Amino acid sequence: MARLQLPVLRPLRRVLARLGGAVFVLWAVASVTFFAVRLIPGDPAQAVLGGPGSQASAEALASVNAEYGFDQPVIVQYFAQLGRLATGDLGRSYSLNLNVGPLVLSQLGGTLLLAVLALALAWLLALALATWSTQSGRIASRVGSALEIVAAALPHFWLATSLIVVFSIWLGVLPPISTGGALGLVLPVLTLAIPLAGFLGQIMRESLLRALESPFVLSARARGESERGVRWIHALRHASLPAISLSGWAFGSLISGAVVVETIFARPGLGRTLLNAVTLRDVPVVIGVVMIVAVAYILMTLLTDAVSRLVDPRLRLS
Amino acid sequence: MPLRHPWRTRRLLATTTGIVALGLLMAGCTPADSNEPVGEPKTGGTLTYASGDAEPTCLDPHVGGNFPQALVSAQYLESLVSRDSDGQIIPWLAESWLPSDDGLTWDFTLRSDVTFTDGTVFDAVAVQANIAHLQDPATLSSTGYLALGKVTGTEAVSPTVVRFTLSEPDSALLESLSQTWLAMESPTALERSQDENCASPVGTGPFLVDSWVKQNAITLLRNDDYTSPPADAAHTGPAYLDKVIWRFIPDSASRYAALQSGEVDVIDNAQPDTIVQAKQSDSIEQLDSPRPGASNRIELNSGQAPFNDVRVREAFIRSANVDDAVSSLFQGTATRSYSALSSAESTAVSNPALFDYDPAAAVTLLDAAGWGETDADGYRVKDGVRLSVEFPVSTNQSIPAEQSVFEQIQATAKETGFEVKLAPMDLSSWYAALASNDYDAVSAPYTKVGPDVLRILYHSASIVPAPSGYFANLAQVNDPAIDELLTTAARTTDATERASLYADAQNRILEGFYILPLYDQQNHYLLRSDVVGLRTLPTVAVPTLYDTWLNR
Amino acid sequence: MSDLEVQAELAAQAAQPDRSGKSGRPRRFGVAETGAAVLALFLLASAVVPQLLAPGDPLAIDPLSAFQPPSGAHGFGTDESGRDIYTRVVHGTQYSLVIGAAATAIGLGLGIVLGTLAGMLGRVVDFTVNRFLEVLFAFPGLLLALLFIVIFGPGVATATIAVGLSTAPGYARIIRAQLISVRSAAFVEAATVLGRTRWQILLRHILPNTLAPLFVLATLGIGQAIVWAATLSYLGLGAEPPTAEWGAMLSAGRTYITSAWWMSFFPGLFIVVTAVTATVLGRSIDRRMRHA
């Protein structure tokens, strides 16, 4: 293929390549999930009929097998599934009497809200800790660093139950489950945000320190800008770069965390849906959730990439 | 019906006749006692109920038919008959009934003043439509379908009289019809697609289904035109509550914490430690209502070695220290059972002497059965084979306290030389293990109103698996005498004779050491103290919010 | 990016010379490092000779002393069957460390194979392996492990393999990057000029130079693997009761959280302590190696 030299076309090429890559990843994710869930022991027809204890009659099993195409060869079912996916049809849940598309979309909101709030709070906590510990001397720096390492090592399930014990049972100030109100979001968001803040804080503090000693900060100081201005405008902008590139990863790990957090706090969402669907052998729902998460992950990667370019002009040139 | 709900469960109680009576008394009185001095009922308010059971996939209990469905649908659906706390069948949507002398036809006289919440009139034709719906293979009913096994047809004799025709006499017919899984739904609504009917079934109950946001909550609204409370209800007319929010909180600690903080008003599947805490709390009350049908018991697979030898079965039972396990883990919230049936069944027979913890006797029995040698790890061996007991445990059906009971049995049986291999697994894997006969011991709850549950669990016909691979006779009891007793009892409508046949059958089962009873199927509810008038239906022990009001 | 890459990135960053402009030589032993070393010794001793630290039987039941809060007789309290939690936590160390180490070995092993293939065998293989890794990264880590366990059944072995598998892509990508950077180093070019074959170069020159960073990576990875394995046990998919595994203990304790907080607090504490120790040690080793 002839090299596209025009500068205008270069981003276009990049976008096309990204798009192709994304479609490939989605196809592969759907295929891997399809065959993996097929390997799960258990009869999907029974999943449709309410599980293996249902004492379903032979006629009922046969009619379900025919209706859902379970009596077809696996490869036929695979292409049928792909065909449906290509037209945006995620199929029908075996266990919930619902179409997967609307179901997954209805659960997406809750998880996204949780993830976005957690990400934002983690950023705030990390920023606060990083700025405090870099301007308050050696001891503060050590304490900050220790806090970050410990926070990053906290398992979600332990943190969640500990928070419930302290804030709901002992102090009685925050609801232990999500009730729709804003208060109910506090504990789940904290559970997801604290470990993440540990990771983000570490990376921010180091780059903040480095930035504070870099030539451009020196020159800003020399120009007579206030220390606060230097810190907030120049140094932080620089320091946030590596943390922004971490946010794509952070999003993925928030989704994993959502499985645990949504179960403990009884929140509707993708994580809880996924865990239920896996144990109930609900193939279409598993594929649906995985596809949505994959799409979100790809979008998030593109977004962090774009934000990095926005914040750091150097990247735009490379 | 086999209980198959992700997340859940419980058990309990005792069974000498005296304790049965006491248990019923307590079950009936606990809420009434605590609620007596509160004055006139207040109308209005919203009650939030948090269930630890799985969210149903269909709100119509005709479809499938499991306990989570019964829990919620008892608020908007009603049955032809009910059962009072003495075990007597009482009128509900049917005012009276009359079997023919040969027991092959039953005439039910229906109430004439009842309409479904969609305006459809409740009459004989409606009953016919419901029976047809339950028996239609397309409905995919299992619990209701099985319960109507002897019903061959229905006939509308008049608008208010419906006649059931049976293939043979069925002494369990009224008990079957009392169950929520056979409740009456609007025939107009049943004509909709199954999806629509699953999302918003229409009944005659004190509430109606307003909306259902899956994986979140079901909203129920008061039925202002309600006219049909069962004979044992505390008031007449519409319910007191305006609205009920029915939530699903699978995590037991979160559920209790939500009750403590007042986020929810009632929870089910309460864990023993939280029940103990509630007893010490002024703001939380307890409602204990053992489920009917079978007790919670460990079934020993008599179909294969080592438990095909009655001496080995008895040795296992003698070597298991159940009493200490139950008292430490349930902390007084569950009473040891020595019966195959729940203490809620008046026909239950209890025989504590058969289940004494007696390791010395166990050793003698094992020696006699040829398991005299011991290997390096302290386990008994015979012909080079270790005395192992494969014990698959459904983590969905056995609550943590029960799983701990199994661990303690494992530890005490080890002292006698049994190697109990506990294998916790999810429901699908658990059923698969049972279907492939990969078990020596198993605990499987079974809820059904009346002693006919014995036929389902211990008749040799129940060893034959359904097409799904499921079979109910997990102890694989294959005794022609027991079969004969159970079949005859199912045809015998005379109450005394029937009870005596079931007593004989139970004695044979207990004396054959096929099962190790633990306690009743635990069914504890916790509620805020300002929730007044909550009771459970004495049929399937699900709560009814009809008489409930909020004293706040 | 994977959890592991983030860990490695943070370690590398922390290992960079001090901003103070001093020599950049590592401090002798900081408080953190000393603490981590002591804790590591304690954990190792717990894993190798648990009887020395906790002479009791971790499985011995005593129904009459169930649910005892921490006291002189039971430092960490007792669980629902009257088992001593301190004894169980100490004896559980070997499960967690073995699971963590085995999962790391599996992840690292697979990572080395994939990373080496991608880093050494030219563009086509590199492209293929990279796409493959990209697909794996699109699954949230927990889901990959979940799927694996549901297919092959729960248990310690499957949980360990599941954690190993889900960490493999992270290792692979780091190793690939490492190989590519070493490959272009001067001494490799020199070897090429001297006419060594590709595999000779790989074995004699490149691998030895990537081993040290791998060791650091593995130390950091063990901490992560232990947390993951505990999460799986917590979800009821790992170790089976009454095994004294930390995640399984935590899962059992969750039920009684409102009345017996110690049942879940102490196993959780040990998980956190182990993970922090692994992080601090991994970084310390990293720093020393870079400045050696």
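Below, chain A is the first sequence line, B the second, and so on; all start at residue 1. Note that the structure is a prediction, hence the values are computed from the model and not measured.
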Open item on the list: If I take atom CD from residue B:Gln408 and atom CG from residue C:Asp62, how far apart are they, to the nearest 0.5 angstrom?
Closed with: 9.0 Å
Task: Partner residues of B:Gln277 under the side-chain contact (heavy atoms from CB on, under 4.5 Å) criterion, sequence neighbours left out - done: B:Tyr256, B:Gln260, B:Asp273, C:Thr258, C:Ser259
- [ ] Go through B:Gln403, B:Gln331, B:Met425 and name the one with the most non-hydrogen pairs under 4.5 angstrom from chain C.
- [x] B:Gln331
Open item on the list: Rounded at 0.5 Å granularity, tell me how far CD1 in C:Ile61 sits from OG1 in B:Thr412.
Closed with: 6.0 Å
Open item on the list: As an exercise, state the distance from OH of C:Tyr256 to CD of B:Gln271, rounded to the nearest 0.5 Å.
Closed with: 6.5 Å
TODO: Give, as side chain, backbone, both or neither, the part of B:Ser404 having an atom under 4.5 angstrom from any heavy atom of chain C.
DONE: both
- [ ] Select, from B:Pro272, B:Ala257, B:Pro400, B:Ala423, the one with the greatest count of heavy-atom pairs under 4.5 Å involving chain C.
- [x] B:Pro400
TODO: Would you mind reporting whether C:Pro242 and B:Gln410 have side-chain heavy atoms less than 4.5 Å apart?
DONE: yes
Open item on the list: Please check if the number of heavy atoms outside C:Tyr95 that lie under 6.0 Å from its OH is greater than 12.
Closed with: no
- [ ] For B:Ser319, enumerate each residue passing the side-chain hydrogen bond (donor to acceptor under 3.5 Å, both in side chains) test, keeping only those at least two apart in sequence or located in another chain.
- [x] none
Open item on the list: Applying salt bridge (Lys or Arg N to Asp or Glu O under 4.0 Å), can you list everything that pairs with B:Arg318, at least two apart in sequence or on another chain?
Closed with: B:Glu314
- [ ] Give a yes or no on this: more than 12 heavy atoms of other residues, nucleotides or ligands lie within 6.0 Å of atom CZ of C:Phe132.
- [x] no
Open item on the list: Report which part of B:Glu407 has an atom under 4.5 Å of a heavy atom belonging to chain C: side chain, backbone, both, or neither.
Closed with: side chain
TODO: Spell out the residues in residues 69-81 of chain C that have some non-hydrogen atom less than 4.5 Å away from a non-hydrogen atom of chain B, in order of number; otherwise answer 'none'.
DONE: C:Glu80, C:Ser81
